[in-house]
Number of protein chains: 2
Amino acid sequence: MDDVFQNIGNKLTLSQRIERTLENAIREKKLPVGSKLPSEREMCESFGVSRTALREALRRLSARGLIIIRKGSGMFVSEIKIADAIKTLNLYYDLKFDENLLAQIIEVRCLFEPEIARLAAKNRSDENLAELEQCLDEFEKCDPDNTQREADIDNKFHLGITKSTMNPIMQVTMEPIYSLLPRMRNYIYANIEGEKVHTLKYHSDLLDAIRNREGDRSYSIMKAHLERTRGIYHKYMHK
Amino acid sequence: MDDVFQNIGNKLTLSQRIERTLENAIREKKLPVGSKLPSEREMCESFGVSRTALREALRRLSARGLIIIRKGSGMFVSEIKIADAIKTLNLYYDLKFDENLLAQIIEVRCLFEPEIARLAAKNRSDENLAELEQCLDEFEKCDPDNTQREADIDNKFHLGITKSTMNPIMQVTMEPIYSLLPRMRNYIYANIEGEKVHTLKYHSDLLDAIRNREGDRSYSIMKAHLERTRGIYHKYMHK
DNA sequence: ATCAGTATGATGTATGACAAATTTATAGCA
DNA sequence: TGCTATAAATTTGTCATACATCATACTGAT
């Protein structure tokens, strides 16, 4: 082990210790979600620290999404949302962004989404179906010049299929992928002449297969759909 | 639209505006990674705010991993790490944890990892191979009573395969899944009598297939490997 | 009972002071 | 000149106090 000598002089600051204490209390559900924290004055007293140190700990916790602070009202244990993690991932991608990113995303989608479509056909609920139908409808009616909105609806459709797997981990896993797409809207097939018709056909076929619980067919259609996207990328984008 | 009257009173606090300003500067790389921020005194002056407000903004940024603060030294723009996002996800799972989680994870792995194995066989480098070989070796030599270490090495092997796809998005996408596994070590097949032999065989076969760049075979072995895991889960764990 | 105004308590910001850690400058020496 | 040890300056961490701003509960008049 190389890390024998580490973590000894690693003194945490006071506010970090406070942060950790509160975080553990939340993790162990001594402070359940939705509950109100004591006021700053009270916590200062019970911790025996200044308001400054306490507040800086609370700022950190709120930045991480563990608590929400309402001015004049109080502080509450917050339900951590996937969105918090996705925000961090997005920031990561913002700084790591390179020209290969789009190709890599398409590759991931080609690999994962057909399987997702298969599972969705098996597990979908009627509500899922309704949502997908609405997406398709919106997509159909959408102004072709509004490529931004088009891409958003496209995205929502695919996310809807992922939700239909009824496996929340699946959704959490794929969310960051989908959240990456909007930022590269302008590079995406949506604004390639005549592509909307194809997308519409694929989506409509997919919906049909999922409605009838045809797993293998859903798989195939999704595969063809994304492979076409990949082809377009290589033809038009990849210089 | 129902939201005509929304988002007007939604005033951000001063420290939040400071946070956002600095965050944007980092995103736009006006403050490049590794660069030193001005001192608190200087920023207070240029922003025209108190030290309190500024510091609370800085605490938030450091909590989110955008900057690191060194007492007596200064503040520096930090390279955001995937680990930051994964920490948030882990917190999320900590609070959302229910008995279905393990089954859901296994399902995701059954769907995704065979495809990953196929791609890994195609794209792996010699370095990837060496890492996988080392994992296998360690796994073989590992004390069977040390199920914790065994599970960690197992994990590392699978993560190594994901890395071998040479697609960083793939890695980022799967990392949270793998990071979930250690916490459920005690529920996992590792401590089921005689299971190590099977795992070893699967891993060794997988390595062989990946070495020879046999994509389809890698797919099949991985599928069988994980389906066995799923079977064991349903047999032993799922009451 | 309804509504306006008020009192109270919560968080947000400002200021000044000192502590603690680090870096930089300085003085002394070889 | 170059090195070392000490001193000084700089920077972040914490404390204390005061006041501003927002949300809610209370009060009282209509």
Side-chain angles (χ1 to χ4, degrees), chain A residues 5-23 25-26 31-79, chain B residues 5-23 25-26 31-79:
Chain A
F5 298 103
Q6 281 188 348
N7 269 333
I8 290 189
N10 206 348
K11 277 189 294 188
L12 293 173
T13 66
L14 179 57
S15 68
Q16 283 171 324
R17 289 200 314 261
I18 300 171
E19 179 190 11
R20 192 170 285 194
T21 302
L22 288 172
E23 179 181 345
I26 293 174
L31 296 172
V33 168
S35 66
K36 191 174 191 292
L37 295 175
S39 72
E40 290 182 353
R41 200 184 96 320
E42 291 171 287
M43 295 181 93
C44 285
E45 264 190 39
S46 53
F47 281 130
V49 299
S50 75
R51 229 187 126 194
T52 310
L54 177 68
R55 278 180 63 84
E56 300 202 341
L58 294 168
R59 289 287 131 358
R60 277 203 274 262
L61 289 172
S62 93
R64 296 170 50 204
L66 276 86
I67 63 175
I68 57 179
I69 305 178
R70 281 202 279 267
K71 178 171 178 180
S73 177
M75 300 175 290
F76 304 84
V77 178
S78 162
E79 187 166 15
Chain B
F5 298 101
Q6 280 188 349
N7 268 333
I8 291 190
N10 210 346
K11 276 189 294 190
L12 292 172
T13 66
L14 179 57
S15 68
Q16 283 172 323
R17 289 199 315 259
I18 299 171
E19 179 190 11
R20 191 172 285 193
T21 302
L22 289 172
E23 179 181 344
I26 294 174
L31 296 172
V33 169
S35 66
K36 190 174 191 293
L37 295 177
S39 72
E40 291 182 353
R41 204 190 101 276
E42 291 172 285
M43 295 181 95
C44 285
E45 264 189 40
S46 54
F47 280 131
V49 300
S50 75
R51 224 185 133 200
T52 311
L54 177 68
R55 278 179 64 83
E56 300 204 340
L58 294 168
R59 288 298 99 80
R60 281 208 192 80
L61 290 171
S62 93
R64 295 170 51 204
L66 276 86
I67 65 174
I68 56 180
I69 304 177
R70 280 202 279 267
K71 179 172 178 179
S73 178
M75 300 174 289
F76 304 84
V77 179
S78 161
E79 185 165 18

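The distance from atom SG of A:C44 to atom CG of A:L54, rounded to the nearest 0.5 Å, is 4.5 Å.
Identified under the salt bridge (charged side-chain N to carboxylate O under 4.0 Å, His left out) test for residues 12-22 of chain A, with sequence neighbours left out: A:E19-A:R60, A:E19-A:R64.
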Listing time: all N or O pairs from protein to nucleotides 4-11 of chain D that are below 3.5 Å?
none

Atom pairs under 3.5 Å: protein N/O with N/O of nucleotides 14-16 of chain C:
{"unit_1": "C:dA14", "atom_1": "OP2", "unit_2": "B:S50", "atom_2": "N", "d": "2.9"}
{"unit_1": "C:dA14", "atom_1": "OP2", "unit_2": "B:S50", "atom_2": "OG", "d": "2.7"}
{"unit_1": "C:dA14", "atom_1": "O5'", "unit_2": "B:S50", "atom_2": "OG", "d": "3.4"}
{"unit_1": "C:dA14", "atom_1": "N7", "unit_2": "B:T52", "atom_2": "OG1", "d": "2.9"}

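Annotation: side chain to side chain donor-acceptor pair (under 3.5 Å) contacts of A:S50 (sequence neighbours excluded): none. Residues meeting the side chain to side chain contact (heavy atoms under 4.5 Å, CB included) test with A:S35, sequence neighbours left out: A:L31, A:P32, A:V77. Shown here are the salt bridge (charged side-chain N to carboxylate O under 4.0 Å, His left out) partners of A:R51, two or more places apart in sequence or in another chain: A:E40. In this view, B:R70 and B:I68, B:S73, B:F76 satisfy the side chain to side chain contact (heavy atoms under 4.5 Å, CB included) rule, not counting sequence neighbours. In this structure A:E79 satisfies the side chain to side chain contact (heavy atoms under 4.5 Å, CB included) test together with A:V33, B:K96, sequence neighbours excluded. Applying the side chain to side chain donor-acceptor pair (under 3.5 Å) test to B:S39 and every residue at least two apart in sequence or in another chain returns B:E42.
Within residues 56-69 of chain A, no residue places a heavy atom under 4.0 Å from DNA chain D.
Atom CG in B:L12 sits about 19 Å away from atom P in C:dT11, given to the nearest Å.
Partner of A:M75 under the side chain to side chain contact (heavy atoms under 4.5 Å, CB included) criterion, chosen from A:L22, A:L37, A:L61: A:L37.
Between the A:E56 side chain and the A:A53 main chain, no donor and acceptor come within less than 3.5 Å of each other.
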